[in-house]
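The analysis underlying the following values was restricted to heavy atoms, covering all of them including side chains, and did not include hydrogens, waters or symmetry mates.
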Number of protein chains: 2
Amino acid sequence: MKLGQATIKDIARELNVSSSTVSRALKDYPGISDETKRKVKELADKLNYRPNAVALSLRKSKSFTIGVIIPEVVHFFFSTVISGIEEVAFANNYNVILCQTNERLDREKSSIDTMLSNQIDGLLVSYSKETTDFEHFSKLMDLEFPIVFFDRLPEISNAVNVTVNDFEGAYQAVTHLISQGYKKIVHLAGPKNLAISKKRKEGYIQALLDGGITPDESLIVECAAGTEKESFDVTIVLFDNPENRPDAIFAHHDIVAAGAMMALKSINLRIPEDVGLVGYSNWQFSSMIDPPLSTVSQPGFKIGETAITMLLEMIDKKKDYQKEPVHVVLDTELLIRKSSVRL
Amino acid sequence: MKLGQATIKDIARELNVSSSTVSRALKDYPGISDETKRKVKELADKLNYRPNAVALSLRKSKSFTIGVIIPEVVHFFFSTVISGIEEVAFANNYNVILCQTNERLDREKSSIDTMLSNQIDGLLVSYSKETTDFEHFSKLMDLEFPIVFFDRLPEISNAVNVTVNDFEGAYQAVTHLISQGYKKIVHLAGPKNLAISKKRKEGYIQALLDGGITPDESLIVECAAGTEKESFDVTIVLFDNPENRPDAIFAHHDIVAAGAMMALKSINLRIPEDVGLVGYSNWQFSSMIDPPLSTVSQPGFKIGETAITMLLEMIDKKKDYQKEPVHVVLDTELLIRKSSVRL
DNA sequence: AACGTCGCCGCAAACGATTGCACAAAAAAT
DNA sequence: ATTTTTTGTGCAATCGTTTGCGGCGACGTT
């Protein structure tokens with residue numbers, strides 16, 4: 001071995017005992033004399049012995065490793081989730097192996113394959129935008145392989161999910177806009193196939209209804225790409241004509257909101273006086289732009305913590321969530337900043 | 001096995017051949033009849049056989065896994081680095097196992113321990129702020145264990161490093177400000193003890209000298225915390241008095257720049273007309289604020305790519321960088337946006 | 001007919017650790 | 001003094017895969 005890492009055999013040879021004895025001595029098995037235990041432990045210490053986790057995995061078919069599949073690490077939201085996952089994993093002596101799909105289904109599949117061949121004990125998944133067929137997940141779940149989905153819900157009946165209350169988050173945001181006197185509220189929506197987009201749209205609609213405003217389909221525009229440029233263009237189209245102009249925007253995403261903000265400024269509309277604006281996800285920049293952007297904050301860290309905690313319970317068979325599937329819904333928080341306050 | 005994953009033995013049993021034959025057939029070894037190969041491959045396909053990577057690791061003492069140690073995932077810069085690492089790793093069939101230290105030395109050490117016992121093939125490290133003694137790294141390097149450091153340089157003579165040219169980045173930024181006619185340029189500096197802060201400050205000073213401006217110590221203020229609030233306050237103090245007011249700011253960090261921007265606005269100074277502003281790191285928000293912030297972009301993705309590429313070369317013994325240590329310095333890029341352009 | 005060659009394949013050890021079982025020696029019970 | 005129990009340890013198989021070595025039958029050559 002390159003590292004010259006000491007093995008049980010090394011200790012055994014040196015001490016003229018068998019590997020079995022060393023193994024047992026190290027783990028304080030009964031039936032090993034105190035004398036032997038002492039000697040073994042001393043030498044192990046001296047040689048800086050560390051059990052070979054790979055050999056252990058093979059023997060026990062348990063790797064103390066969990067796989068995490070996310071679309072993109074660079075998303076602030078996902079990085080906070082990872083952070084939460086990492087914390088709990090570390091505290092429980094689990095390793096985290098990471099794969100980003102870049103929103104591509106083929107990478108999702110092949111990542112899962114290599115993770116499985118690495119004998120991961122469980123999987124934490126936020127699937128890619130391309131994923132519409134969930135068989136590669138449900139097949140595993142049928143074999144009782146532990147999976148917890150977060151943020152994006154799969155269409156699998158007995159899936160274990162951790163999400164955020166997107167409906168409520170959107171509802172609160174739009175209700176807030178209404179309470180500020182905005183009446184004609186645009187929704188820049190997310191990709192149709194993502195459940196979160198649907199939920200946010202539903203929350204938007206319900207808030208309108210409860211606020212006595214009739215939803216208008218022409219005010220709901222899908223910004224599927226989620227780039228600034230896209231929403232910039234969309235916003236220009238919506239607001240360019242002074243006749244019957246909308247007076248607020250609820251964006252499904254802060255980046256989208258940022259694009260909209262730039263568009264509004266470019267056509268000399270004031271925020272929040274002329275147009276109110278609320279985003280989603282509380283990206284790092286949202287408090288720093290001018291005006292600071294009101295937004296719905298998702299508890300990324302907590303999502304990560306919750307998801308892995310449940311996964312570990314499944315792995316340890318403490319809970320069998322897949323028998324009575326659980327969907328944990330965490331609360332969002334509406335952060336009211338300047339962009340939506342005009343009263 | 002929970003997953004009922006087919007093994008070579010299963011295939012062997014089914015086909016009444018030995019495991020060796022199956023193994024060889026799958027890898028197209030010479031000396032196996034085409035007929036057998038065909039049958040083996042067919043069955044392997046049918047059973048959806050995937051080699052057990054753990055067994056392979058044990059056998060070959062090579063795990064195709066590399067460990068990444070970073071202070072915090074949530075930093076935008078680090079997440080881009082990870083993204084770069086992930087890409088190259090994936091392309092080379094390597095796995096990435098991730099540990100964040102949260103800037104703590106004990107976690108750094110224990111993470112390395114568990115990674116080593118997982119037989120990682122190499123290590124990519126950006127060490128914690130608490131790390132001042134590098135023996136836990138140099139010990140490994142003495143055993144020829146492949147390590148590449150990025151962003152933060154250790155005090156180890158034969159270390160392999162990948163960093164960014166902080167001096168040059170600062171130099172370009174300040175030279176740009178001078179070329180725009182700004183003459184009294186403040187530097188909001190980083191913590192004195194970080195090498196990167198020093199480099200940036202040196203670049204700032206050299207640019208002034210080369211631009212025919214005498215550096216003025218009173219214009220260099222340390223913003224050690226790096227928060228918006230801190231730089232807001234500092235900026236107010238510096239710019240509040242109209243007499244002999246500075247006319248530009250070079251901030252060591254975009255967040256610091258953002259705080260300064262808000263301060264300037266709050267005292268009705270126009271950017272870039274009255275005050276020019278350049279930040280550092282190209283945070284995601286910098287292009288979205290108003291005015292868009294000029295900044296020095298650090299190629300995080302490329303740092304990640306470069307570091308892991310070198311690491312893989314070391315692992316594959318193609319290069320022995322540790323014999324003739326290499327320090328790759330990547331160029332920054334000055335992104336000129338509105339906040340610093342008045343000509 | 002005897003021998004060499006070649007194609008095709010199996011045996012068994014190895015990687016490092018665990019563990020059921022057996023076994024020897026020492027201690028205790030009869 | 002013999003049997004039983006206890007104490008401490010070792011053997012060997014196992015996890016899944018690879019690989020050096022050797023074997024065996026079929027063929028070709030003299």
Rounded to whole Å, how long is the line connecting atom [atom1] of [X] with atom [atom2] of [N]?
{"X": "A:Ile8", "N": "D:dG10", "atom1": "CD1", "atom2": "C1'", "result": "14 Å"}
{"X": "A:Ile11", "N": "C:dG16", "atom1": "CD1", "atom2": "C1'", "result": "12 Å"}
{"X": "B:Lys62", "N": "C:dG16", "atom1": "NZ", "atom2": "P", "result": "17 Å"}
{"X": "A:Asn16", "N": "D:dG10", "atom1": "CG", "atom2": "C1'", "result": "13 Å"}
{"X": "B:Leu58", "N": "D:dT14", "atom1": "CG", "atom2": "P", "result": "17 Å"}
{"X": "B:Lys9", "N": "D:dA13", "atom1": "NZ", "atom2": "P", "result": "12 Å"}
{"X": "A:Arg13", "N": "C:dG16", "atom1": "CZ", "atom2": "P", "result": "10 Å"}
{"X": "B:Asn52", "N": "D:dG16", "atom1": "CG", "atom2": "P", "result": "7 Å"}

Which part of the nucleic acid does A:Val22 contact within heavy-atom distance under 4.0 Å: base, sugar-phosphate only, or nothing?
-> nothing
Remember a base hit wins even if backbone is also touched, and classify B:Val54 as base, sugar-phosphate or nothing at under 4.0 Å, heavy atoms.
-> nothing
For [N] and [X] - does any side-chain N or O of the residue sit under 4.0 Å from the phosphate oxygens OP1/OP2?
{"X": "A:Thr21", "N": "D:dG10", "value": "yes"}
{"X": "B:Tyr29", "N": "C:dG7", "value": "no"}
{"X": "A:Lys27", "N": "C:dA17", "value": "no"}

Which heavy-atom pair separates A:Asp151 from A:Ser126 by the least distance, and what is that distance?
-> CB-OG, 3.9 Å
The contact string for nucleotides 22-29 of chain C, one letter per nucleotide 5' to 3', using protein heavy atoms under 4.0 Å with B, S and - for base, sugar-phosphate only and none, comes out as --------
Nearest listed nucleotide, side chain of [X], among [options]:
{"X": "B:Ser20", "options": "C:dC11, C:dC9, C:dA17", "value": "C:dC11"}
{"X": "A:Lys60", "options": "D:dG10, C:dT19, D:dT19", "value": "C:dT19"}
{"X": "B:Val17", "options": "C:dG16, D:dG10, C:dG10", "value": "C:dG10"}
{"X": "A:Leu56", "options": "C:dA17, D:dT9, D:dC15", "value": "C:dA17"}

Using salt bridge (charged side-chain N to carboxylate O under 4.0 Å, His left out) as the criterion, point out the one residue from A:Glu130, A:Glu108, A:Glu103 that pairs with A:Arg152.
-> A:Glu103
Can you establish whether the number of heavy atoms outside [X] located under 6.0 Å from its atom [atom1] is more than 12?
{"X": "A:Arg104", "atom1": "CZ", "answer": "no"}
{"X": "A:Lys41", "atom1": "NZ", "answer": "yes"}
{"X": "B:Glu155", "atom1": "CD", "answer": "no"}
{"X": "A:Lys46", "atom1": "NZ", "answer": "no"}

Are any of the side-chain nitrogens in A:Arg13 or A:Asp10 under 4.0 Å away from the carboxylate oxygens of its partner?
-> yes
Could you tell me whether A:Glu35 and A:Arg38 have a side-chain N and a carboxylate O separated by less than 4.0 Å?
-> yes
Comparing nearest nucleotides in DNA chain C, the 5'-proximal residue of the pair B:Ala55, A:Ser19 is B:Ala55
Tell whether A:Arg24 reaches the base of C:dG20 with its side chain through a donor-acceptor pair below 3.5 angstrom.
-> yes
Is a donor-acceptor pair below 3.5 Å formed from side chain B:Thr7 to base D:dC15, judging by atom type as modelled?
-> no
Taking DNA chain C as the partner, which of residues 30-44 of chain A come within under 4.0 angstrom of it by heavy atom?
-> none
Candidate pair B:Thr21 and B:Ser18, rule side-chain hydrogen bond (donor to acceptor under 3.5 Å, both in side chains), full reasoning | CA-CA 5 Å; B:Thr21 303; B:Ser18 72; 3.1 Å; yes
Quick one: sort the A:Tyr94 and A:Phe64 rings into parallel, tilted or perpendicular, breaks at 30° and 60°.
-> tilted
